[in-house]
Amino acid sequence: MMVLVLIVAGLGVVALLMVLFAPHIRKYSAGGACMSMTRLDGKTVLITGANTGIGKETALDLAIRGARVIMACRDVEKGEAAAASIRRIYSKANVEVRELDLADTSSIRAFAQRFLREVNHLHILINNAGVMMCPYMKTKDGFEMQLGVNHLGHFLLTYLLIGLLKRSAPARIVVVSSLAHNFGWIRFHDLLSQGSYNSGLAYCQSKLANVLFARELARRLKGSSVTVNSVHPGSVCSDLVRHSTIMSLLFSLFSLFLKSPRDGAQTSIYCAVAEELHSLTGKHFSDCAPAFVAPQGRKEETATKLWDASSELLGIVWDD
């Protein structure tokens with residue numbers, strides 16, 4: 001009985017301390033903030049998955065800076081609601097919503113075709129959309145969903161828009177990855193998880209693919225005035241973990257230690273606007289500062305092999 005009383009008392013003390021120090025914990029958890037005052041008047045920005053979370057917060061920030069922000073969303077209705085919310089916060093926001101389903105290459109091609117027909121410039125592309133730890137499922141083209149959306153969908157979108165980015169240079173591409181890339185391996189023998197599937201490992205593989213794609217694309221674009229960098233937004237309180245009961249529970253229990261979507265958007269914003277990054281490319285950032293890249297994310301051979309495998313799966317050929 002005494003042990004139980006001590007445990008309850010201990011938990012009570014911990015809870016009290018967390019309440020008392022909550023403001024300090026939240027400030028620490030927020031991480032780095034983008035301090036750049038750069039304006040984006042006359043610039044065009046495209047953000048995938050901008051209807052919620054860090055994508056929406058990124059769209060809001062860049063709209064306030066004067067950019068024309070195109071929000072590419074799978075669910076147009078939710079996208080329009082997000083755009084309306086941004087306009088309520090900033091009445092002058094030039095935001096528009098366009099349909100894009102990254103799990104369907106025909107949707108990606110249709111989006112790009114219309115985009116190239118109607119938009120004359122693209123100065124910033126933020127590959128932000130993603131899915132996390134979902135049950136095994138396939139995209140419309142038969143790709144494992146996490147690799148298909150997080151990597152292959154953005155790989156194809158970037159391929160289709162790269163010419164416009166080059167013509168609009170100086171331009172920037174920001175690829176949202178994750179700390180999870182540290183635990184990922186590119187399983188070339190079973191890239192689409194047809195032999196076996198683990199939702200966590202498949203997510204880590206897709207995030208590693210993001211880092212490798214950013215580094216390889218940066219290498220290929222050197223001299224073009226189009227920079228490419230990847231980012232880890234931090235552990236953000238969002239609905240991205242909805243497919244994992246364990247992750248959802250942990251995020252609920254430790255919500256005080258998580259970033260808000262606004263905090264999580266800071267590094268994407270930083271890489272999109274910071275003056276000091278105008279020529280920096282092929283790097284990885286977290287909390288608005290250069291971040292560690294796992295050894296498997298630095299191997300040129302792996303990056304090239306993944307590039308070739310991705311191009312083959314999508315049936316595309318990049319111009320060198």
Side-chain angles (χ1 to χ4, degrees), residues 26-27 29-103 107-108 111 114-115 118-119 122-132 149-150 153-154 157 172 174-176 178 231-243 248 251-252 255-256 258-273 288:
R26 286 296 311 129
K27 184 177 180 181
S29 301
C34 177
M35 305 305 292
S36 172
M37 301 302 290
T38 298
R39 293 288 305 172
L40 296 176
D41 304 281
K43 304 294 185 181
T44 300
V45 178
L46 172 61
I47 308 174
T48 64
N51 62 294
T52 188
I54 66 174
K56 179 183 173 183
E57 291 295 334
T58 302
L60 170 62
D61 183 281
L62 301 187
I64 290 174
R65 293 173 187 269
R68 174 191 182 187
V69 179
I70 299 172
M71 304 164 65
C73 308
R74 180 178 60 83
D75 190 322
V76 174
E77 187 176 342
K78 289 183 179 179
E80 292 291 0
S85 174
I86 289 172
R87 294 188 195 100
R88 284 194 294 272
I89 296 171
Y90 181 63
S91 61
K92 296 180 181 179
N94 183 5
V95 291
E96 58 189 88
V97 178
R98 299 193 177 207
E99 184 177 4
L100 171 64
D101 184 355
L102 288 163
S107 172
I108 299 170
F111 170 88
R114 180 189 170 196
F115 192 94
E118 299 176 353
V119 181
L122 179 58
H123 303 96
I124 300 170
L125 168 62
I126 302 180
N127 290 333
N128 167 81
V131 292
M132 179 180 181
V149 170
N150 299 351
H154 284 121
L157 178 67
R172 301 187 187 192
V174 180
V175 181
V176 178
S178 168
V231 305
H232 164 52
S235 297
V236 181
C237 187
S238 72
D239 64 351
L240 191 62
V241 297
R242 62 187 180 278
H243 293 295
S248 296
F251 271 43
S252 296
S255 59
L256 194 62
L258 301 177
K259 291 185 177 185
S260 68
R262 183 175 182 275
D263 297 331
Q266 293 304 302
T267 306
S268 292
I269 296 166
Y270 174 74
C271 287
V273 305
C288 301

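Model, not experiment: these values are computed from the prediction.
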J.: Which pair of heavy atoms, one from A59 and one from M71, lies closest together, and at what distance?
T.: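 Nearest heavy atoms, A59 then M71: CB-CG, 4.4 Å.
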
J.: If you round to the nearest 0.5 Å, how far is CG of L62 from CZ of R68?
T.: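 Going from CZ on R68 over to CG on L62, the span is 14.5 Å.
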
J.: Please give me the minimum heavy-atom distance between L100 and A72, naming the atom from each residue.
T.: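 That closest heavy-atom pairing would be CD2-CB, 3.6 Å.
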
J.: Under the side chain to side chain contact (heavy atoms under 4.5 Å, CB included) test, which residues partner D75, sequence neighbours left out?
T.: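 For D75, the residues satisfying side chain to side chain contact (heavy atoms under 4.5 Å, CB included) (neighbours in sequence not counted) are E77, K78.
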
J.: Are the side chains of R87 and V95 in contact, using a 4.5 Å heavy-atom criterion?
T.: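 In contact.
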
J.: If you take all heavy atoms of V97 and A83, which pair is closest and at what distance?
T.: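 Distance-wise, the nearest heavy atoms are CG2-CB, 3.8 Å.
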
J.: Please round to the nearest 0.5 Å and tell me the distance separating atom CD1 of I70 and atom CG of N94.
T.: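 It is 8.5 Å, given to the nearest 0.5 Å.
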
J.: For a 4.5 angstrom cut-off between non-hydrogen side-chain atoms, does L46 reach V119?
T.: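 They are not in contact (no side-chain heavy atoms under 4.5 Å apart), so the answer is no.
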
J.: Which of these, D263, T267, V176, sits in a side chain to side chain contact (heavy atoms under 4.5 Å, CB included) with P233?
T.: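 The passing option is V176.
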
J.: Is there a donor-acceptor contact under 3.5 Å from the side chain of T38 to the main chain of V273?
T.: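 A pair under 3.5 Å: yes.
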
J.: I'd like to know if the side chain of K43 reaches the main chain of I124, judged simply by a donor and an acceptor atom lying under 3.5 Å from each other, with no hydrogens or angles considered.
T.: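 No: the side chain of K43 does not pair with the backbone of I124.
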
J.: Is a donor on one side and an acceptor on the other found under 3.5 Å between the side chain of T58 and the backbone of I54?
T.: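 Confirmed, T58 side chain pairs with I54 backbone.
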
J.: Not counting sequence neighbours, which residues clear salt bridge (charged side-chain N to carboxylate O under 4.0 Å, His left out) with R98? List them please.
T.: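 R98: salt bridge (charged side-chain N to carboxylate O under 4.0 Å, His left out) contacts with E96, E118.
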
J.: Taking R262's backbone N and O only, do any of them form a donor-acceptor pair with Q266's side chain (distance below 3.5 Å, no angle check)?
T.: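 Checked: pair present.
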
J.: Work out which heavy atom in V149 is nearest to a heavy atom in A103; give both atom names and the distance.
T.: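 Closest approach of V149 to A103: CG2-CB, 3.8 Å.
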
J.: Nearest 0.5 Å, please: how far is CD in E57 from OG in S260?
T.: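 Those atoms lie 7.0 Å apart.
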
J.: In sequence, state the C-alpha distance, the side-chain angles, and the governing distance for M132 and S178, and then conclude on side-chain contact (heavy atoms from CB on, under 4.5 Å).
T.: CA-CA 11 Å; M132 179 180 181; S178 168; over 6 Å; no

J.: Are L157 and F115 close enough, and set up right, to give a side-chain contact (heavy atoms from CB on, under 4.5 Å), and what steps lead you there?
T.: CA-CA 11 Å; L157 178 67; F115 192 94; over 6 Å; no

J.: Please give me the minimum heavy-atom distance between I108 and L102, naming the atom from each residue.
T.: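 For I108 versus L102, the nearest heavy atoms are CD1-O, 3.8 Å.
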
J.: Please report the shortest heavy-atom distance between A63 and V69, naming the atom on each side.
T.: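 So the minimum-distance heavy-atom pair works out to N-CG2, 3.8 Å.
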
J.: Who passes salt bridge (charged side-chain N to carboxylate O under 4.0 Å, His left out) against D61, sequence neighbours left out?
T.: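 With neighbours one apart ignored, the set is R65.
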
J.: Can you tell me how far apart CG (L125) and CZ (R172) are? Round to the nearest 0.5 Å.
T.: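 That separation rounds to 13.5 Å.
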
J.: Is the backbone of T48 close enough, under 3.5 Å, to the side chain of N128 for a donor and an acceptor to pair up by distance?
T.: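 Checked: pair present.
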
